[in-house]
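This structure is a prediction, so every number in the text was calculated from the model and none was measured.
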Amino acid sequence: MDLLKVNDISKTYGSGEAAVHALRNVSFSVPKGEYVAIVGESGSGKSTLLNMIGALDVPTSGKVMIGGQDIFSMNDRKLTIFRRRNIGFIFQAFNLLPELTVEQNIIFPVLLDYQKPDRKYLEELLSVLNLKERRSHLPSQLSGGQQQRVAIGRALITRPALILADEPTGNLDTQNSREVIALLKKASRKYEQTIVMITHSRSIAQTADRVLKVSDGVLEDLGRCAE
């Protein structure tokens, strides 16, 4: 079953001779549990595409379906709630709240939704992400790799069906990059979540189940990676 369907998405900024076509009639689907990497040069449109999937921007035309729901048919309030409960975001900049501890940063999205965190699931995540000994530390007391693990925990805590990762290893060294990708894959497999990730790294793209390439706003499916 397809968790994500992108149907004929286009995005144009400006008009007339000044118009910039960031995306041109992009269509693809991602089955539940698949890990997809999106590659492309800077300015190719891949970040714009990820923003459309995450409803952080609105397309000029086309549809994005997540779990069978047309996200752009929702009003702002419903979309905000849907996004918070169904999509986990991981960015290159860790975007942790500096005054909150590791544990507080992870459970923050749950509290935003006026819910109580599942303590058993939180302990499980802290264990999977190797953060149990760091749960009371502030972001300033962590390494870059540890901060990105916290960001992954924050993305996973609401049990989202879809995880969107925008260059999640961009600020990390090679070893930490490998560890973060391995942890992300492990968590995805364990909780049957779908991952769509932007990366400039060929080696990281090759860890995905499938690779998509965006060039000048046009998407090409490069197919499944060799095992």
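No more than 12 heavy atoms of other residues, nucleotides or ligands lie within 6.0 Å of CD in Glu192, so this atom counts as exposed by the packing criterion. The local environment of CD in Glu133 is sparse, with at most 12 non-hydrogen atoms from other residues, nucleotides or ligands closer than 6.0 Å. Within 6.0 Å of the NZ atom in Lys213, the count of heavy atoms belonging to other residues, nucleotides or ligands does not exceed 12. The neighbour count for Glu41 CD, taken as heavy atoms of other residues, nucleotides or ligands under 6.0 Å away, does not exceed 12.
Remark: Leu131 CG to Asn105 CG distance equals 11.0 Å, nearest 0.5 Å. Atom CG of residue Leu56 and atom CG of residue Asp166 lie 9.5 Å apart, to the nearest 0.5 angstrom. If you take CG on Leu50 and CG on Leu164, they are separated by 5.0 Å, rounding to the nearest 0.5 Å. Separation of atoms CD1 (Ile53) and CD1 (Ile66) is listed at 7.5 Å; rounding is to 0.5 Å.
In this structure, Ile181 and Met197 have side chains that are in contact, with non-hydrogen atoms separated by less than 4.5 Å. Residues Ile195 and Leu184 meet the side-chain proximity criterion, which asks for heavy atoms closer than 4.5 Å. Arg134 places a side-chain heavy atom less than 4.5 Å from the side chain of Leu142. Considering only heavy atoms from C-beta on, Ile90 comes within 4.5 Å of Gln148 through its side chain. Using a 4.5 Å heavy-atom cutoff, the side chains of Pro31 and Arg210 are in contact. Side-chain atoms of Leu138 and Pro98, non-hydrogen and from C-beta on, never get closer than 4.5 Å to each other. Leu212 has its side chain out of reach of Val39: every pair of non-hydrogen atoms, C-beta onward, lies at least 4.5 Å apart. Residues Phe94 and Leu172 are in side-chain contact: their nearest non-hydrogen atoms beyond the backbone lie under 4.5 Å apart.
Contact between Val180 and Gly145 at its shortest, heavy atoms only, is CG2-O, 4.3 Å. Nearest heavy atoms, Pro139 versus Leu96: CG-CB, 3.9 Å. Nearest approach of Arg149 to Asn130, heavy atoms of both residues: NH1-O, 3.5 Å.
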Which donor-acceptor pairs under 3.5 Å do the side chains of residues 74-82 make with protein atoms, sequence neighbours left out?
unit_1: Asn75; atom_1: OD1; unit_2: Arg77; atom_2: N; d: 3.3
unit_1: Asn75; atom_1: OD1; unit_2: Lys78; atom_2: N; d: 2.8
unit_1: Thr80; atom_1: OG1; unit_2: Asp76; atom_2: O; d: 2.9

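A salt bridge does not link Arg83 to Asp113: none of the charged nitrogens lies less than 4.0 Å from a carboxylate oxygen. Salt bridge status for Asp118 with Arg159: present, with a side-chain N to carboxylate O gap under 4.0 Å. Arg119 and Glu103 are joined by a salt bridge, as a carboxylate oxygen and a charged side-chain nitrogen come within less than 4.0 angstrom of each other. Under a 4.0 Å N-O distance rule, the pair Asp8/Lys63 does not qualify as a salt bridge.
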_The test is side chain to side chain contact (heavy atoms under 4.5 Å, CB included); show your working for Val196 and Ile38 and say whether it passes._
CA-CA 7 Å; Val196 178; Ile38 301 177; 3.6 Å; yes
*Determine, stepwise, if the pair Glu34 / Gln193 fulfils side chain to side chain contact (heavy atoms under 4.5 Å, CB included).*
CA-CA 8 Å; Glu34 189 173 52; Gln193 289 159 318; over 6 Å; no
*Apply the test side chain to side chain donor-acceptor pair (under 3.5 Å) to residues Thr207 and Tyr35: give CA-CA distance (whole Å), side-chain angles for both, the deciding distance (0.1 Å), then the verdict.*
CA-CA 9 Å; Thr207 67; Tyr35 164 31; 2.9 Å; yes
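Between the side chains of Thr60 and Tyr13, no donor-acceptor pair of N or O atoms lies under 3.5 Å. For Glu124 and Tyr191, the side-chain atoms include at least one donor-acceptor pair closer than 3.5 Å. A donor-acceptor pair shorter than 3.5 Å can be found between the side chains of Ser201 and Ser203.
For the pairing with Ser29, the side chain to side chain contact (heavy atoms under 4.5 Å, CB included) check across Leu4, Leu3, Asp2 returns one residue only, Asp2.
In this structure, Leu112 shares a hydrophobic cluster with Leu97, Leu100, Phe108, the cluster being traced through Ile, Leu, Val, Met, Phe, Trp and Tyr side chains under 4.5 angstrom apart.
Among residues two or more places apart in sequence or in another chain, the side-chain hydrogen bond (donor to acceptor under 3.5 Å, both in side chains) test is passed with Asp216 by none.
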